[in-house]
> 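My questions will all concern the structure given below.
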Amino acid sequence: MSIIKLIQQKYGDSCKLCSPLDEKQYNEARKILPVELLEILEISNGIEKLVIFPDVNDGKPFVMDNIVYSFDEIKSETESFFDLHCDEGTVFAGNGAGGFFVLKPDGTVYLYEYFDEGGEYYAASLSDYFAKL
């Protein structure tokens with residue numbers, strides 16, 4: 001099962017796919033992103049988590065967070081991660097509390113908390129990460 005289908009099954013109407021990467025972005029992303037993330041972004045350049053509160057936004061869904069960052073956010077957060085931790089990996093999502101998830105070169109996923117200097121093992125792969133959500 002594709003990761004996007006897994007996310008859609010987990011979140012249902014609470015997730016929103018975005019427009020895919022344009023050709024220029026795709027060519028750049030191809031050079032720097034792991035294949036698993038590239039496969040997501042070529043279909044949806046980020047995946048947003050939607051919420052509905054009856055008294056907010058006239059009861060219409062609005063973006064609360066990102067399930068998967070956009071390409072620009074991935075680049076920016078990955079640069080910040082490297083500057084802060086001097087470690088390899090690609091930041092692809094946050095945990096909503098100042099921490100972030102990093103896809104390591106070996107395909108494993110680690111959670112780096114805002115207050116912690118090191119990462120904590122979270123999942124064996126990107127698919128396992130999304131299955132745990």
Side-chain angles (χ1 to χ4, degrees):
M1 173 183 308
S2 81
I3 290 175
I4 289 181
K5 286 186 191 235
L6 181 62
I7 291 168
Q8 288 176 314
Q9 281 184 340
K10 288 236 174 229
Y11 285 91
D13 291 339
S14 295
C15 75
K16 176 184 168 198
L17 301 182
C18 302
S19 300
L21 294 173
D22 63 31
E23 187 175 345
K24 181 181 176 189
Q25 290 173 314
Y26 178 78
N27 288 331
E28 182 182 354
R30 212 170 50 128
K31 297 173 187 172
I32 61 175
L33 290 184
V35 172
E36 300 94 336
L37 283 175
L38 184 61
E39 289 173 352
I40 294 170
L41 297 182
E42 67 183 326
I43 295 170
S44 179
N45 186 11
I47 301 175
E48 298 172 335
K49 181 178 180 181
L50 305 175
V51 295
I52 298 173
F53 292 114
D55 297 333
V56 178
N57 198 29
D58 295 325
K60 297 175 188 165
F62 63 95
V63 177
M64 180 68 153
D65 201 2
N66 291 296
I67 299 167
V68 176
Y69 289 151
S70 70
F71 179 54
D72 288 339
E73 290 172 301
I74 288 172
K75 287 190 313 184
S76 174
E77 293 297 324
T78 299
E79 287 175 19
S80 296
F81 167 73
F82 183 78
D83 290 346
L84 185 62
H85 294 282
C86 296
D87 198 359
E88 289 186 51
T90 305
V91 177
F92 66 91
N95 71 348
F100 45 91
F101 291 98
V102 177
L103 181 61
K104 301 299 241 166
D106 67 358
T108 58
V109 175
Y110 280 75
L111 170 62
Y112 283 76
E113 296 286 355
Y114 176 74
F115 56 83
D116 193 6
E117 290 185 24
E120 177 183 330
Y121 176 85
Y122 192 83
S125 68
L126 209 52
S127 293
D128 289 346
Y129 164 81
F130 285 110
K132 286 177 109 174
L133 292 179

> Report the residues that fulfil side-chain contact (heavy atoms from CB on, under 4.5 Å) with Y26, sequence neighbours left out, ordered by chain and then residue number.
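Scan of Y26 (side-chain contact (heavy atoms from CB on, under 4.5 Å), adjacent residues dropped) gives L21, R30, L38, E42.
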> Sequence neighbours left out, what passes side-chain contact (heavy atoms from CB on, under 4.5 Å) with K31? Give chain and number order.
none
> Could you name each residue pair satisfying salt bridge (Lys or Arg N to Asp or Glu O under 4.0 Å) that touches residues 7-27, not counting sequence neighbours?
K16-E48
> Excluding sequence neighbours, so at least two apart, what forms side chain to side chain donor-acceptor pair (under 3.5 Å) with S70?
E73
> Rounded at 0.5 Å granularity, tell me how far SG in C86 sits from CZ in F81.
9.5 Å
> Nearest 0.5 Å, what's the CD-CD1 distance between Q8 and I47?
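Result: 7.5 Å between the selected atoms.
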> Which label fits F62 and F53: parallel for a plane angle under 30°, tilted from 30 to 60°, or perpendicular past 60°?
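Ring orientation, 0 to 90° scale: tilted.
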> Can you find a heavy atom in the side chain of P61 that is under 4.5 Å from one in the side chain of I52?
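Yes, close enough: below the 4.5 Å cut-off.
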> Identify, with sequence neighbours excluded, every residue that meets salt bridge (Lys or Arg N to Asp or Glu O under 4.0 Å) alongside K75.
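K75 satisfies salt bridge (Lys or Arg N to Asp or Glu O under 4.0 Å) with E28, D72 only.
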> Taking S44 for the side chain and I40 for the main chain, is one N or O donor matched with an acceptor at less than 3.5 Å?
no
> Got a sec, which pairs hit salt bridge (Lys or Arg N to Asp or Glu O under 4.0 Å) with one end in residues 94-103, sequence neighbours left out?
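Applying salt bridge (Lys or Arg N to Asp or Glu O under 4.0 Å) to every pair that reaches into residues 94-103, excluding sequence neighbours, yields nothing.
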> Checking one residue: V63. Which other hydrophobic residues are in its cluster under the side-chain 4.5 Å linking rule?
L50
> Please enumerate all residues that pass salt bridge (Lys or Arg N to Asp or Glu O under 4.0 Å) together with D65, with sequence neighbours excluded.
none
> Please report the closest heavy-atom contact between A123 and K132, naming both atoms and the distance.
CB-CD, 4.3 Å
> Could you pull out all residues at least two apart from T90 that satisfy side-chain contact (heavy atoms from CB on, under 4.5 Å)?
L33, P34, L37, I74, T78
> Is the Y110-Y121 ring centre distance short of 6.0 angstrom?
yes
> Mind checking the CZ-CD spacing from F130 to E36? Nearest 0.5 Å is all I need.
10.5 Å
> For the CD1 atom of I67 and the CD1 atom of I7, what is their distance to the nearest 0.5 Å?
6.0 Å
> Does A131 have any side-chain contact (heavy atoms from CB on, under 4.5 Å) partners at least two apart in sequence or in another chain, and if so, which?
L6
> Do you know the tightest heavy-atom contact between G46 and L41?
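Smallest heavy-atom distance, with atoms named: N-CD2, 3.4 Å.
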> Would you tabulate the side-chain donor-acceptor contacts of residues 94-109 under 3.5 Å, counting partners in other chains and residues two or more places apart, or write 'none'?
{"unit_1": "N95", "atom_1": "OD1", "unit_2": "A97", "atom_2": "N", "d": "2.9"}
{"unit_1": "N95", "atom_1": "OD1", "unit_2": "G98", "atom_2": "N", "d": "3.4"}
{"unit_1": "N95", "atom_1": "OD1", "unit_2": "G99", "atom_2": "N", "d": "2.8"}
{"unit_1": "N95", "atom_1": "ND2", "unit_2": "E113", "atom_2": "OE1", "d": "3.3"}
{"unit_1": "K104", "atom_1": "NZ", "unit_2": "D87", "atom_2": "OD1", "d": "3.3"}
{"unit_1": "K104", "atom_1": "NZ", "unit_2": "D87", "atom_2": "OD2", "d": "2.8"}
{"unit_1": "K104", "atom_1": "NZ", "unit_2": "E88", "atom_2": "O", "d": "2.9"}
{"unit_1": "K104", "atom_1": "NZ", "unit_2": "Y112", "atom_2": "OH", "d": "3.2"}
{"unit_1": "D106", "atom_1": "OD1", "unit_2": "T108", "atom_2": "N", "d": "3.0"}
{"unit_1": "D106", "atom_1": "OD1", "unit_2": "T108", "atom_2": "OG1", "d": "2.6"}

> Taking all heavy atoms of I3 and all of S127, pick out the closest pair and write down the distance.
CG1-OG, 3.7 Å
> To the closest 0.5 Å, what do you measure between OG (S14) and CE (M64)?
11.5 Å
> What's the spacing between C18 SG and N66 CG if we round to 0.5 Å?
7.5 Å
> I'd like to check F92 versus L126 (side-chain heavy atoms, cut-off strictly below 4.5 Å). Are they in contact?
yes
